[in-house]
Protein chains: 2
Amino acid sequence: MTAGSLSPNTLMILKLESIFAFADEEKQALQNLPIQVTTLKAGRDIVRVGDRPSQCCLIHEGFSCVYKLTSEGKRQLVALHVPGDIPDLQSLHLKTMDISLASISPCTVGFIQHDDMRCVCERYPRLTAVFWRETLVHASIHREWLLNNGQREAYSRMAHLFCELLIRLKAVGLGEGDTFDLPITQVELADAIGTSSVHMNRVLQALRADGLIQTKGKQVIVPDWEKLKEAGDFDPLYLHLEEAGAA
Amino acid sequence: MTAGSLSPNTLMILKLESIFAFADEEKQALQNLPIQVTTLKAGRDIVRVGDRPSQCCLIHEGFSCVYKLTSEGKRQLVALHVPGDIPDLQSLHLKTMDISLASISPCTVGFIQHDDMRCVCERYPRLTAVFWRETLVHASIHREWLLNNGQREAYSRMAHLFCELLIRLKAVGLGEGDTFDLPITQVELADAIGTSSVHMNRVLQALRADGLIQTKGKQVIVPDWEKLKEAGDFDPLYLHLEEAGAA
DNA sequence: CGCGAGTTTGATCACCATCAAAGCTTGTGG
DNA sequence: CCACAAGCTTTGATGGTGATCAAACTCGCG
């Protein structure tokens, strides 16, 4: 199931559709949004702290992350994105970026001009609600990460993150059964979880030893979903995937 | 400067005005929003995980927090609110609450029906943008907390939080010069920062010993703003307080 | 085949959690 | 107005999770 052949906003629409019943013309309007497509190597900044972009970014293929740095140079990933996400939709209303956005794996991304977004929202107010909701779900994920990184130990945190990624990937049709691709280094996982990369390595070994995950190259296999869920103290409520559509 | 005599949405409007130039009728519409006012003792839940509220909450006086629990009962505060904040504006589009909202100090709060919010937003689309922006700023604060709690040590984290609170309170006209009221226990600060309360106590002693803060009962005094800022590695950009209004 | 990025391992140490108990404050009722 | 109780703050001691440093190993890739 590669996304190569699809239009760059297909997955976004797919995802939004699962929680919202579009009218035909609303869907048309989304599909007709002018999008400038680009491919990126891994590890490239897309937007940086302090920038004032005039467009926002749509992940079509690959993984990206949002990160922040302390003045000492320590890095925290504050979000991970899967295809279908719009990582910097916030830039529509917050002029100057408080975060940096970067590709984690090779990516194909689409850029949508803010002006075009505003036009669509103006003409179809229900789309405003859908996009607003998208940013609210990201905020909800931030909150869960705060709980995760603040109150669970590294082993559990990592289990939790695997759960989240599996669910989010399956929600956009990526990941087969109990398997998904995760083209991300241990250093990046460590930065997301808030541990050192050395410790992250040991945590991953422990998770493998306990049979919670298996890895084959960039692939992650979850042999026992219930066990992983329990280890990660995972409840998918915060992803808001199964709610009735917003009015 | 007590807020007792003011209408319950005054501070909210004040805050929004500082980043957005309302038209007269827009401001009128906000001022005419029906609000049901209530007073609360400290430590009361306002909304709980799993609820499906039909209204949202506006803090008029006092402090509130958003928290989440692990299944082991560990608590993480994921947000603190000052007067003028709308802590659960998200409930307008995310039906079931992924968080609990509680008063930290005695509070007076106002409740606005979702339906009324939707009416106002429908009639004045620019207000939609303002409210949307409000939720985006809260998300930005979440991200900074992720960085703070994940990459700084407790001493620095706490300094950072003091900086944030001073700025946010001054933005709504609370706090005189270098002083502000902070009716919150060390246990709650610990839950926000992600440390034990014992360690929080020692951190506060260290901050006092180093002259970064003084405390008199519930009052916090910041004798040397620059030093506190440096200790907390604080940059107010993420609060988005000084931007040109959203179009 | 060799380079560089990423992973793995070992050893030491610091920050902070945890447990336990004693002082302190604040509000409430007698 | 005082006394008591409950919640909050403070202190001490011990131990664990995870940071840090250093170096070897693996693997994909040009």
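We use all heavy atoms of the structure for the numbers below, so side chains are in, but hydrogens, waters and symmetry mates are not. Every chain is numbered from 1 and lettered A, B, ... according to where its sequence line falls, protein lines coming before strand lines. Here the structure is a predicted model, which means the values were calculated and not measured.
- Donor-acceptor pairing under 3.5 Å is lacking for the side chains of A/S100 and A/D45.
- Here the OG1-CD1 distance, from A/T185 to A/I104, works out to 7.5 Å after rounding to the nearest 0.5 Å.
- Side-chain N/O atoms of A/N201 include none lying less than 4.0 angstrom from OP1 or OP2 on C/dT7.
- At least one side-chain nitrogen or oxygen of B/K74 sits closer than 4.0 Å to the OP1 or OP2 atom of C/dT18.
- Within 4.0 Å (heavy atoms only), A/R157 reaches sugar-phosphate atoms of the nucleic acid but no base atom.
- Each of D/dT17, C/dA17, C/dT7 was ranked by its minimum atom distance to the side chain of B/H199; first place goes to C/dA17.
- When the nucleotides C/dT8, D/dG18, C/dC16 are ranked by their closest atom to the side chain of A/R208, C/dT8 comes out on top.
- Across C/dC16, C/dT8, D/dT10, the shortest atom-to-atom separation from the side chain of B/Q205 is found for D/dT10.
- The CG-P distance, from B/N149 to C/dC15, rounds to 18 Å in whole Å.
- Nucleic acid contact for B/G43: none, since no nucleic acid atom lies under 4.0 Å from a heavy atom of the residue.
- In this structure, the CD1 atom of A/I104 is 12 Å from the P atom of C/dG6, given to the nearest Å.
- Rounded to whole angstrom, the span from the CE atom of B/M158 across to the P atom of D/dT9 amounts to 12 Å.
- The CG atom of B/L204 sits 13 Å away from the P atom of C/dC16 (whole-angstrom rounding).
- With D/dA19, C/dA17, C/dT7 as the candidates, the nucleotide lying closest to the side chain of A/S196 is D/dA19.
- Atom CD of A/Q186 has more than 12 neighbouring heavy atoms from other residues, nucleotides or ligands inside a 6.0 Å radius.
- For CZ of A/R48, the number of neighbouring non-hydrogen atoms (other residues, nucleotides, ligands) closer than 6.0 Å is 12 at most.
- Taking atom CE of residue B/M200 and atom P of nucleotide D/dC8, one finds them 15 Å apart after rounding to whole Å.
- For B/V198, whose side chain is taken as the heavy atoms from C-beta onward, the closest listed nucleotide among C/dA17, D/dG12, D/dT20 is D/dG12.
- To the nearest angstrom, P of D/dT10 lies 12 Å from CG of B/L189.
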> How far apart are the C-alpha atoms of B/Q90 and B/D98, what are their side-chain angles, what is the distance that settles it, and do they pass the side-chain contact (heavy atoms from CB on, under 4.5 Å) test?
Replying inline: CA-CA 10 Å; B/Q90 51 149 326; B/D98 55 81; 3.4 Å; yes
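- B/I193 places its CD1 atom 11 Å from the P atom of C/dC16, with the value rounded to the nearest Å.
- Between A/Q186 atom CD and D/dC25 atom P there is a gap of 18 Å when expressed in whole angstrom units.
- The side chain of B/R202 approaches D/dT11 more closely than any other nucleotide in the set D/dT11, D/dC8, C/dT8.
- Among the atoms of the strands shown, only primed sugar atoms or phosphate atoms (P, OP1, OP2) are found under 4.0 Å from some heavy atom of B/G194.
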